[in-house]
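Below is one structure, written out as structure tokens; the observations come after it.
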Amino acid sequence: MYNMVKTKLYLSTFIFISMLIILFSVFSFHHLYKTSEENLLESKLEASKREAREMGMLIELELKGGLSKDNVIKNLQRSIENTDIQSGFICMYNSKGIELCHPNPALVGQKIDKNNSKFLPVNSTPADFRDILRTDKASTGIRHFPREQHRSSEIVSVYPIAGSDWRLASHANIKVLNIEIEGLYKSFLITFFSSTILLLILAYILIRWIYKKYEERKNSQIESLNSEVKTLSILNSQLKQQQEKLKNVYMPDDDTLKQYKKRVNVYFKDELISLEVIEIACFSVKENLTTIFLFNGQHYQSTQSLEEIYRTINPSLFYRANRQFLVNIKAIKSIVMYGKNQLRIIVSPLDNQHILISKNKVSDFKKWLEQ
């Protein structure tokens, strides 16, 4: 039964921690993936913008150097012709939307019509791509094509060539970018899946270790408690035996006890009262005033100190528990543990009073019970 409860506790704790780990992993995966996807897109936009600007500035230098426009166009066409256009390419238009240079020579001279494509600039409103070419401002964004053209979207950065109506454009295929993003997704998925499995294994090992330590501590506490219970059982058993032995301690024929007082005199309302010692449950002192408590619940004040009383009564019958209490063995109802090393004796009629045996007197108290 205990093993079943322990297994159930292990399992429920492991499931709870596993759910937390999985939820944290899913959230982290989603956040990091989206952040990486946005960073990759931003880097592509920046790279396209930089490529268009650098190539455009090179053409501007050629024009400023006196090279004719026809030669500039021929040189650019020669450098980009038949290059791979799958991932990205450079081309050049004029402000009317006519292709001046393109890796595919068959497209040179073609004009972009109004509905050719939509252009979504960064932090701006969408516009026709032809309208973007008409402006003399640099622009970077996403170019979307109609479905019937069966062309994937592109990252396009347009750079106007100073001193001309040319528009240099750097293109990057979104489809290729999506393939990179898919690869990034798979890498992230494998990494987080592996990390999650590893965390779950570590969590399981940690849970087993924690519960093992807890059980060791619990077993140690149980052993300590059993030892204390055994000690208390012995003490209470000795207490009962002593109480039985002392039932007739004040019989007249007991010559060994004649040296101790059998009565204690006290004053009550100017009346002298003689109390039988065997009727006294305990003596208590508070603020230098000694109080005598009887078994019947009555109590009286005495002018004698606790030390003076202790020297004149039977030490087998009364024990000096501490500075405040002198207790009759017959008044002790039970003995219990108090803290780690102390004992508390429950005395009638002072059931609610904390009468403590300090750790330094526990051994002496035990000997007193055994005498």
Side-chain angles (χ1 to χ4, degrees), residues 7-56 84-90 117-129 132 137-147 149-159 168-214:
T7 302
K8 186 177 180 181
L9 187 60
Y10 281 161
L11 185 60
S12 59
T13 304
F14 177 70
I15 291 174
F16 176 73
I17 294 178
S18 298
M19 290 177 62
L20 290 180
I21 291 174
I22 292 171
L23 288 174
F24 176 77
S25 298
V26 170
F27 174 80
S28 301
F29 169 78
H30 179 76
H31 174 72
L32 291 176
Y33 171 69
K34 284 298 181 182
T35 302
S36 300
E37 183 182 23
E38 292 171 0
N39 291 338
L40 181 59
L41 181 60
E42 289 178 4
S43 66
K44 288 292 184 181
L45 287 168
E46 187 60 33
S48 177
K49 183 178 180 180
R50 183 173 60 252
E51 185 179 22
R53 183 176 65 251
E54 291 175 353
M55 198 68 180
D84 181 25
I85 62 174
Q86 292 300 316
S87 58
F89 61 93
I90 292 288
S117 55
K118 289 290 183 180
F119 188 74
L120 179 60
V122 178
N123 300 325
S124 185
T125 56
D128 288 330
F129 186 61
I132 297 297
K137 294 181 180 181
S139 183
T140 300
I142 308 296
R143 184 182 179 189
H144 298 286
F145 297 92
R147 290 184 178 180
Q149 294 192 27
H150 304 291
R151 293 180 61 180
S152 63
S153 301
E154 298 174 340
I155 295 174
V156 180
S157 186
V158 178
Y159 182 84
L168 189 76
S170 172
H171 299 254
N173 197 328
I174 295 288
K175 185 176 181 180
V176 175
L177 178 62
N178 287 334
I179 293 174
E180 292 183 30
I181 292 174
E182 287 178 5
L184 181 67
Y185 178 84
K186 291 178 180 177
S187 298
F188 268 68
L189 187 61
I190 292 171
T191 301
F192 272 88
F193 181 78
S194 303
S195 300
T196 301
I197 294 297
L198 180 61
L199 285 174
L200 291 176
I201 293 173
L202 292 176
Y204 177 77
I205 295 172
L206 183 61
I207 289 170
R208 290 298 302 270
W209 180 81
I210 290 174
Y211 273 105
K212 182 180 178 181
K213 291 297 182 182
Y214 171 76

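Computed from a prediction, not measured in an experiment: that's the story for all the values here. Sequence positions, counted from 1, serve as the residue numbers for this chain.
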| If you round to the nearest 0.5 Å, how far is OH of Tyr159 from CZ of Arg50? | 14.5 Å
| request: Go through the structure and list residues passing side-chain hydrogen bond (donor to acceptor under 3.5 Å, both in side chains) with Lys118, not counting sequence neighbours. | output: Asp128
| field | Leu168 to Gly56 - nearest heavy-atom pair and separation | value | CD2-N, 3.2 Å
| note | side chain to side chain contact (heavy atoms under 4.5 Å, CB included) filter on Lys212, not counting sequence neighbours, yields Glu216
| Rounded to the nearest 0.5 Å, how far apart are CG of Leu41 and OG of Ser36? | 12.5 Å
| said: Using every non-hydrogen atom in the two residues, find where Gly141 and Leu45 come nearest and quote the distance to one decimal. | reply: O-CD2, 4.2 Å
| task | Answer yes or no: are there more than 12 heavy-atom neighbours, outside Phe192 itself, under 6.0 Å from its atom CZ? | result | yes
| query | Atom CD1 in Ile22, atom CG in Leu200: separation rounded to 0.5 Å? | reply | 5.5 Å
| query | Atom OG in Ser152, atom CD1 in Ile174: separation rounded to 0.5 Å? | reply | 7.5 Å
| remark: Here the pair of heavy atoms bringing Ser157 nearest to Lys49 is OG-CA, 3.0 Å
| task | With sequence neighbours excluded, tell me which residues meet side chain to side chain contact (heavy atoms under 4.5 Å, CB included) with Leu120. | result | Pro126
| request: Check side chain to side chain contact (heavy atoms under 4.5 Å, CB included) between Leu198 and all other residues, then give those that pass, not counting sequence neighbours. | output: Leu202
| said: Going by salt bridge (charged side-chain N to carboxylate O under 4.0 Å, His left out), name the residues that satisfy it together with Lys44, two or more places apart in sequence or in a different chain. | reply: Glu180
| query | How long is the span from the OG atom in Ser195 to the CD1 atom in Ile190, to the nearest 0.5 Å? | reply | 11.5 Å
| message | What's the separation between atom OG1 in Thr35 and atom NE2 in His30, rounded to the nearest 0.5 Å? | response | 9.0 Å
| query | Tell me, do Phe193 and Ile197 make a side-chain contact under 4.5 Å, heavy atoms counted? | reply | yes
| Closest heavy-atom contact between Val156 and Ala169? | CG1-CB, 4.2 Å
| Under the side chain to side chain contact (heavy atoms under 4.5 Å, CB included) test, which residues partner Phe145, sequence neighbours left out? | Asn116, Ser117, Arg143, Gln149, Arg151, Glu154
| Would you call Ile155 and Ile142 a side-chain contact if the rule is heavy atoms closer than 4.5 Å? | yes
| request: Run the numbers on Leu40 and Ser43 for side chain to side chain contact (heavy atoms under 4.5 Å, CB included), then give the verdict. | output: CA-CA 5 Å; Leu40 181 59; Ser43 66; 4.0 Å; yes
| Do you know which two heavy atoms are closest between Ser170 and Ser48, and how far apart they sit? | O-OG, 3.1 Å
| request: Taking all non-hydrogen atoms of both residues into account, name the closest pair between Phe119 and Thr140 and its distance. | output: CZ-C, 3.7 Å
